[in-house]
Student: 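Sharing a structure with you now.
The structure presented is a predicted model; accordingly, all values stated were derived computationally and were not measured. Protein chains get the first letters and strands the later ones, always in sequence-line order, with residue 1 at the start of each.
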Amino acid sequence: MHNLNSKEPTGSIEGRWDKHQFDLKLIAPQNREKYNIIVVGTGLAGASLCATLGEAGFNVKSFCYNDSPRRAHSIAAQGGINASKNYKNDGDSVWRLFYDTIKGGDFRSRESNVYRLAQLSNNIIDQAVSQGVPFAREYSGYLANRSFGGAQVSRTFYARGQTGQQLLLGSYSAMSKEVASGRVKHYSRSEMLELIIVKDKARGIVVRDLVTGKIDSHTADCVVLCTGGYSNVFYLSTNAKGCNTSAGWRAYKKGAMFANPSFTQIHPTCIPPTGENQSKLTLMSESLRNDGRIWAPKNEKDCSKDPREIKEEDRDYFLERMYPSFANLVPRDIASRAVKSICDNGRGVGTEIDGQKLGVYLDFSTIIDKDGESKVKSSYGNLFDMYESITGENPYKVPMKIYPAPHYTMGGLWVDYNLMTTIDGLFATGESNFSDHGSNRLGASALMQGLADGYFIAPRTVIDYLASVDFETIDSTNPEVLSAVKSAEHRISKLMNAPDPIHSPDYFHKKIGRILWNCCGMSREKDSLERAIEEIKSLELLFWKNIKVTGVDDDFNQTLERAGRVADFIELGQLMCLDALAREESCGAHSRVEYLSESGEAKRDDKNYSHVSAWHYDESGPTIIKEALSFEYIKPSERNYK
Amino acid sequence: MNFTLHIWRQQNSQSKGSFQTYKVDNIDSDTSFLEMLDQLNESLIADGEDCIVFDHDCREGICGACSLVINGYPHGQKNATSTCQLYMRDYSEQNEIWVEPFRAKSFGTIKDLSVYRDAFDRIIQAGGFISSKTGSSPEANTFPVNKSDADSAFDSATCIGCGACVAVCPNSSASLFVAAKINHFDKLPQGKIESHKRAKLMVDKMEEEGFGSCSNHRHCEAVCPQGIDLSNITKMNSLIKPY
């Protein structure tokens, strides 16, 4: 059994990353072209890594399921990216970003990693500006900032409501430069189906060409997964339709541990669900909480009224009331829980689903009265347009309606300080790893982490690994490679030929999503989690009996793609419930109803649960292995945003 | 709402395609256009038929994966909107809908409604970047950028690379796509240094990929989901000349 050694450097926290970088091995420029690296997923983390490794002179093969790296879901991040530049002179520093992130994550992340992230944040902004990312600027010509949840400083850099798009296009253009140089060979419309392990080391992947259906192996000296998060396990989420867990899940089944799978972020401000046939939910950026005020009617009888007719004294600005010092800018987990509790108490507004109105108002009338419509338009124009096109309502005139939705997953593959999983030579970066956000991620920190991993951390640690290991030459005839290909082919054939094909992949996806949303979403409870686990086990059996995939496998077959992803979501869903059940405390986004204070706040149990839960796959059932967390610099305290 | 759909079906890039007619009934007005296609696909699975292939991903109008020519308009008739942001309430007046792939010599059909847009990637690879390397950047506020330049750079950079400009152009020109990228960088001090070379390389690549030239039909800016302005092309042309 693996010993979970985080390999954190010791010594003063400010110097750990510098010292560690000096200790990491290097490869001389003339030798770099001898090494081959596979990068799976080319969103922010993957594209930035490809660019950096390519520039350094390594051979990179990259893969994505989309028709171009520019379509990765990083592109949809709206509000911004944090950095501790302190341009606003409001008391920000590396220490404060470090502190806010540890506290925001409710003391369930690793101090050394988070400090490093805060340190690297500034360099990311420098890097992006030099790539031509058109960040918002002041009239002076210098960079502008705005505020995000969980911080009392203004440290978020942004490009209107399209920050993720602009940062991804920056990384994509840098990566494209290396595709042109020949250092990066990129494969679009390709999906990883299997990890290849030779002599206990990750040495390649099995890939399906999504256009032809052809299954091929690719070998290398190491593999880096940059494959994003798994919020789509809930079916309805803010993720792109294609986002999936399959690469990480295949790695898990080959021995990479999966950490804190139940830590999933439910984002408070999304457009509420409207009905059965909805395919996804749309986020309204957290940046809107800079100027928008969240409220619900004080009285149930007002819930069906036109909000403009509800008098000021009959409105409950509940976040301002409950959390006077952070008010509308409390962290996401806190805001989501508050919105849910208002709706559970019958004070929701909007469309009724299963007998409950799911929505509260996000109102801009105060700021519009004060600064005028044009000011609001310049900050949030595209978000307001998007809201109007989806709902048919004009948010300049009528308050937006919002409700929480699955958005980001803090859990992911367990990695050490070098971002290496428990499989030698398999790394995980960005959202696909578990590392930096504990049990709740602060807004504008995902872009920061993806780029810190891709531009600055993985390029150093991957090279150290390559320099430390002797690689035997392998090719596509290696027995391990052949067996991985065979197992991928076997799985496809099972999906195509279920004994009693009745139901589509979406049918099963909606089922698993509903179970998880009800039992492993914004609130969790022992009994319902246990019930969910049993339900998921039956669903898994039904899936393999009744999955119906039409068309053929050696063709462009989107039904087959979805079926494979849903099969993995069902297995992951079970692990999420096991993880939520095993953690008998509430922390951050993990809200066990048995462990909430009277006012509904999460009650941590630091004595028994100050650890990372890493799950190890075993055919007889997953086992939990703990990585104890120690807090040398920031003493765990009750998170107070009041 | 009930609709009669005429959808382009084509087995692969070699085969000849044709319109097939389908009926969809009881569609809610809040259903998105792509969700309507999802529902049709679900019924095709129930009937044991191969689903209609179409590209889509984020479904929030930003990834640029969705395409489709709907009743003759790339991304449908609604202004400044990508296909994924169309809702069936927008089609309350039209119960017969024709759905085709983006068509251009450089965008070959892969299957049904899905096309190759790799040529866009190759145009970016030809020069659509600033040649800075990771780690070599000065402090971000070293070079102030006039706010109006930064805003204008953003207005060009907002392109989602969907290819509607090509699909609608009688010349199948990618000029708006190429010009938007060139102007995005040209407006910033970091990008300006390579502007002439970049413009030449990207325009040459565009021609090599088989896209036509601009002859000012201006359909591209009319269908662009991001509302990218035609003046980008004028500026691009001025950048190529002195080189």
Student: Just wondering, do A:Phe556 and B:Asp112 contact through their side chains at under 4.5 Å, heavy atoms?
Tutor: no
Student: Below 4.0 angstrom, N of the basic side chain to O of the carboxylate: do A:Lys280 and B:Asp57 qualify?
Tutor: no
Student: Output yes when B:Asp55 and A:Arg71 qualify as a salt bridge under the 4.0 Å nitrogen-oxygen rule, no when they do not.
Tutor: no
Student: With a 4.5 angstrom heavy-atom cut-off, which part of B:Glu60 approaches chain A: side chain, backbone, both or neither?
Tutor: both
Student: Say you draw a straight line from CD of A:Gln558 to SG of B:Cys51; how long is it, rounded to the nearest 0.5 Å?
Tutor: 8.5 Å
Student: Using non-hydrogen atoms and a 4.5 Å limit, figure out which bit of B:Ser114 sits close to chain A: side chain, backbone, both or neither.
Tutor: side chain
Student: Of all of B:Ala150, B:Gly161, B:Gly128, which one pairs up most often with chain A through heavy atoms under 4.5 Å apart?
Tutor: B:Gly161
Student: How would you list, by chain and number, every residue that makes a salt bridge (Lys or Arg N to Asp or Glu O under 4.0 Å) with B:Asp30, sequence neighbours excluded?
Tutor: B:Arg89
Student: Is it the side chain or the backbone of B:Lys187 that comes within 4.5 Å of chain A heavy atoms, both, or neither?
Tutor: neither
Student: Keeping the roles fixed (side chain from A:Gln166, backbone from B:Ala157), state whether a donor-acceptor pair exists under 3.5 Å.
Tutor: yes
Student: Is chain A contacted by the side chain of B:Ile160, its backbone, both, or neither, given a heavy-atom distance below 4.5 Å?
Tutor: both
Student: Report which part of A:Leu560 has an atom under 4.5 Å of a heavy atom belonging to chain B: side chain, backbone, both, or neither.
Tutor: neither
Student: Just by distance, do the side chain of A:Gln165 and the backbone of B:Thr158 share a donor-acceptor pair under 3.5 Å?
Tutor: yes
Student: State the CD1-OG distance between A:Ile124 and B:Ser137, to the nearest 0.5 angstrom.
Tutor: 11.5 Å
Student: Checking B:Phe154 against chain A: side chain, backbone, both or neither under 4.5 Å from a heavy atom?
Tutor: both
Student: Select one option (side chain, backbone, both, neither) describing which atoms of B:Asn141 are under 4.5 Å from chain A's heavy atoms.
Tutor: both
Student: Against chain A, label B:Ala80 side chain, backbone, both or neither, depending on which of its atoms sit under 4.5 Å from a heavy atom there.
Tutor: neither
Student: So which part of B:Ile45 gets closer than 4.5 Å to some heavy atom of chain A, the side chain, the backbone, both or neither?
Tutor: both
Student: Using heavy-atom distances under 4.5 Å, tell me whether A:Phe456 contacts chain B through its side chain, its backbone, both, or neither.
Tutor: side chain
Student: Which region of B:Phe143, side chain (C-beta onward) or backbone (N, CA, C, O), has a non-hydrogen atom less than 4.5 Å from a non-hydrogen atom of chain A, or is it both or neither?
Tutor: backbone
Student: Need one label for B:Gln190: side chain, backbone, both or neither, based on atoms under 4.5 Å from any heavy atom in chain A.
Tutor: side chain
Student: Is chain A contacted by the side chain of B:Glu49, its backbone, both, or neither, given a heavy-atom distance below 4.5 Å?
Tutor: backbone
Student: Rounded to the nearest 0.5 Å, how far apart are CD of A:Gln131 and CG of B:Leu188?
Tutor: 12.0 Å
